[in-house]
Amino acid sequence: MHDRVRPGTRLLVTAPSGGFALPAVHSRPIVLLAAGIGITPFLSHLETLDPASAPEIVLHHGSRDASRHAFRERIAELAARLPTVQVLDHYSRPGPDDHSDFTGRVTADRVDADLIRRRARFYLCGPETMLEELTAGLVARGVPRFDIFTEKFHAAPAPVQIPDDATATVRFARSGREVTWRAGDGDLLRFAEASGVALPSGCRLGQCESCAVPVLDGTVAHLVAVADDLPADQCLACQAVPTSDVVLDA
Ligand code: FES
C-alpha cells in the first residue's frame, strides 16, 4: 500500500467504529449483498469466522466480469474453509469465457425465497443507489426493514476542474449520433441517455463498472477515483466527462 501513497500525503487513521456489525454466531441465515469493492467489510467478517460456529451465510457478490472480480481467490479460499458459507457471483458484463452464478447485477429477486421464509438477516454494502434498490426489493418480497442493515461504500472524488463554459463534440460511433456536450450536461452516461443513446449502467457511482465504454478517440476525465486496472482506453460513463471532442464505442 505504501507505494500508492504520494510523498507528503497525510493519512488519518482511527479506531473501527459504526453500527454495521455482522454476527459471528446466529441461529438465522445471514445474507450478504455486495457490489464491487463493497465486498470489503464482508471479507473481513469471513476472515474472523470460526468454521465450527459460523452461521449459515449466503454471499451475493456483483462484479463487472471475471477480470474485475475483487478478492475472488481470497473469497474462494474462505468459502472452502467455511462449510456454512455459500458464494454466488453475479457478472453484469461477463466476458465470453467468464462463468458466474448469475448474469446481471445483484438484485433482490435473486435471493432464494427460502431464506426470506426463514427470516434471514440481510447485510448490504455498496453504492447508495444500489442499497436503496435492494432494500426496496427486499421489503417488497416481505423482508422486515429491521432485518436489513446497510453500509454505503463510495469512491472519493478526484480533483477534476471542469470550466463552466466547457463544450465538446461527443460522437457515439455505433449509434451514429453526434451531439454537443456542455459542462451542465454532466457525466457521459446521463448525457448519452438524454441524447437517446442507451448505455449499460448499474450503481452510477463509479463502483460496479457496468457502464465502462471504450473511448475510440479523444480524452475524458473521471469525477471520482476509478480502479487502477480500468483499461486506459475505457471510461466509466457514469463518472466521465469529456476533456476534448470524443468518440465513444456506443
Ligand atoms: S460504475 Fe456503476 S454505473 Fe458506472
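Atoms within a ligand are numbered from 1 in the order they appear, just like the ligands themselves.
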On the 0 to 90° scale, with breaks at 30° and 60°, tag the His60-Phe102 ring pair as parallel, tilted or perpendicular. parallel

Everything protein-side that's N, O or S and under 2.8 Å from atom 2 (Fe) of ligand 1: list it, residue and atom. Cys203 SG, Cys208 SG

Please determine whether a side-chain nitrogen of the Lys or Arg among Arg204 and Glu193 lies less than 4.0 Å from a carboxylate oxygen of the Asp or Glu. yes

Can you spot which of Arg118, His26, Gln86, Arg28 makes a side chain to side chain donor-acceptor pair (under 3.5 Å) with Glu56? Arg118

Using a 6.0 Å cut-off, check whether atom CG of Asp50 has over 12 heavy atoms from anything other than its own residue. yes

Assign the ring pair Phe149 / Tyr123 to parallel, tilted or perpendicular, where the plane angle (0 to 90°) is split at 30° and 60°. parallel

Value for CG (Leu43) from CG (Leu32), rounded to nearest 0.5 Å, stands at 11.0 Å

